[in-house]
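Just so we're clear, the structure is a prediction, and the values are computed from it rather than from any experiment. The analysis underlying the following values was restricted to heavy atoms, covering all of them including side chains, and did not include hydrogens, waters or symmetry mates.
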Amino acid sequence: MAPRWNGQAQDPEPPDLPGGAVDVRLPADPRQLAVLRTVTEGVAVRAGFGPDGVADLKMAVDEAGALLIAVANPLEELRCRFWTLGDEVRVAVTAPTLWAADTSSFGWRLLKTLAGSLLANLSPPLARIELTQSVRP
């Protein structure tokens with residue numbers, strides 16, 4: 001049975017894979033989203049995504065980061081972890097938050113559209129958004 005986190009299923013930490021996972025920790029500051037987009041692009045290209053897939057994954061991770069930064073404790077970090085399983089790239093974005101993220105926002109609707117699958121817990125004290133995207137050449 002998957003671990004539960006605030007009443008929702010939570011995947012465990014990524015397995016030990018050859019090449020490992022990419023783990024990024026940034027200040028919870030909107031100015032850091034450019035760094036997150038750059039790392040996302042590198043991960044997507046390395047995983048074999050085509051141009052459209054790279055753009056979709058970058059936009060999805062950017063929206064996830066922006067949603068959490070908007071409610072994050074500004075003294076804390078935003079953490080983003082990428083790992084590849086088969087033909088999928090999984091991304092988990094977490095941040096200590098002060099209040100719940102807005103699920104009625106355009107950014108949330110866009111994220112739901114872009115992500116192949118989406119699991120989220122947007123409540124304090126630690127919000128988590130996990131998305132999976134299939135590699136599309």
Side-chain angles (χ1 to χ4, degrees):
M1 179 177 200
R4 309 258 338 144
W5 187 52
N6 284 355
Q8 296 181 1
Q10 173 187 333
D11 283 343
E13 289 295 313
D16 290 331
L17 303 171
V22 175
D23 197 10
V24 179
R25 294 170 190 253
L26 302 166
D29 181 327
R31 295 174 292 188
Q32 299 296 322
L33 288 172
V35 174
L36 194 55
R37 285 190 296 272
T38 301
V39 172
T40 302
E41 181 175 8
V43 168
V45 168
R46 185 173 168 204
F49 280 66
D52 290 342
V54 170
D56 287 351
L57 188 61
K58 278 175 58 176
M59 194 178 311
V61 173
D62 184 66
E63 289 300 331
L67 281 167
L68 295 188
I69 285 173
V71 295
N73 180 337
L75 302 175
E76 297 286 350
E77 292 180 325
L78 179 78
R79 178 180 179 189
C80 187
R81 178 169 272 194
F82 302 85
W83 67 101
T84 304
L85 295 172
D87 67 345
E88 293 182 335
V89 172
R90 290 188 181 187
V91 184
V93 184
T94 59
T97 58
L98 301 172
W99 54 84
D102 183 9
T103 58
S104 65
S105 69
F106 175 76
W108 176 252
R109 290 192 306 267
L110 181 60
L111 178 58
K112 284 176 49 177
T113 301
L114 291 169
S117 69
L118 182 65
L119 175 65
N121 174 10
L122 303 175
S123 302
L126 183 67
R128 177 182 175 106
I129 297 174
E130 187 171 314
L131 60 104
T132 303
Q133 195 69 278
S134 294
V135 175
R136 292 175 290 170

Original post:
Where do L36 and L78 land on the side-chain contact (heavy atoms from CB on, under 4.5 Å) test, with the steps shown first?
Top reply: CA-CA 10 Å; L36 194 55; L78 179 78; 4.1 Å; yes

Original post:
Would L67 and S105 satisfy side-chain contact (heavy atoms from CB on, under 4.5 Å), going step by step from the backbone distance to the final call?
Top reply: CA-CA 9 Å; L67 281 167; S105 69; 3.7 Å; yes

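The hydrophobic cluster containing W99 also includes V71, L98, under a criterion of side-chain heavy atoms closer than 4.5 Å among ILVMFWY residues, counted directly or through chains of members.
Closest of all the heavy-atom pairs between A21 and W83 is CB-CB, 4.0 Å. In plain terms, the two heavy atoms of T97 and A127 that are nearest each other are CG2-CB, 3.5 Å. Considering all non-hydrogen atoms of both residues, L126 and P96 come closest at CD1-N, 3.5 Å. Looking at every heavy atom in both residues, A100 comes nearest to P124 through N-CD, 3.8 Å. Of all heavy-atom pairs between G116 and Q133, the closest is N-OE1, 3.4 Å. Here the closest non-hydrogen pair linking A47 and V135 is O-CG1, 3.5 Å.
For the salt bridge (Lys or Arg N to Asp or Glu O under 4.0 Å) condition, the pairs that include at least one residue of residues 34-43, sequence neighbours left out, are R37-D62, E41-K58. Pairs of residues two or more places apart, or lying in two chains, never qualify as salt bridge (Lys or Arg N to Asp or Glu O under 4.0 Å) while including a residue from residues 100-125.
Residues satisfying the side-chain contact (heavy atoms from CB on, under 4.5 Å) test with S117, not counting sequence neighbours, are T132. Checked against side-chain contact (heavy atoms from CB on, under 4.5 Å), A66 has the following partners two or more places apart in sequence or in another chain: L33. Residues meeting the side-chain contact (heavy atoms from CB on, under 4.5 Å) test with T103, sequence neighbours left out: W108, L122.
Note: the hydrophobic cluster containing F106 also contains L114 (ILVMFWY, side chain heavy atoms under 4.5 Å, direct or indirect links).
For the atom pair OG1 (T113) and CG (L118), the distance works out to 10.0 Å, reported to the nearest 0.5 Å.
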Donor-acceptor pairs under 3.5 Å, side chain of residues 23-32 to any protein atom, not counting sequence neighbours: which ones?
{"residue": "D23", "atom": "OD1", "partner": "R79", "partner atom": "NE", "Å": "3.1"}
{"residue": "D23", "atom": "OD2", "partner": "R79", "partner atom": "NE", "Å": "3.4"}
{"residue": "D23", "atom": "OD2", "partner": "R79", "partner atom": "NH2", "Å": "3.3"}
{"residue": "D23", "atom": "OD2", "partner": "R81", "partner atom": "NH2", "Å": "3.1"}
{"residue": "D29", "atom": "OD1", "partner": "R31", "partner atom": "N", "Å": "2.8"}
{"residue": "D29", "atom": "OD1", "partner": "R31", "partner atom": "NE", "Å": "3.2"}
{"residue": "D29", "atom": "OD2", "partner": "R31", "partner atom": "NE", "Å": "3.1"}
{"residue": "D29", "atom": "OD2", "partner": "R31", "partner atom": "NH2", "Å": "2.5"}

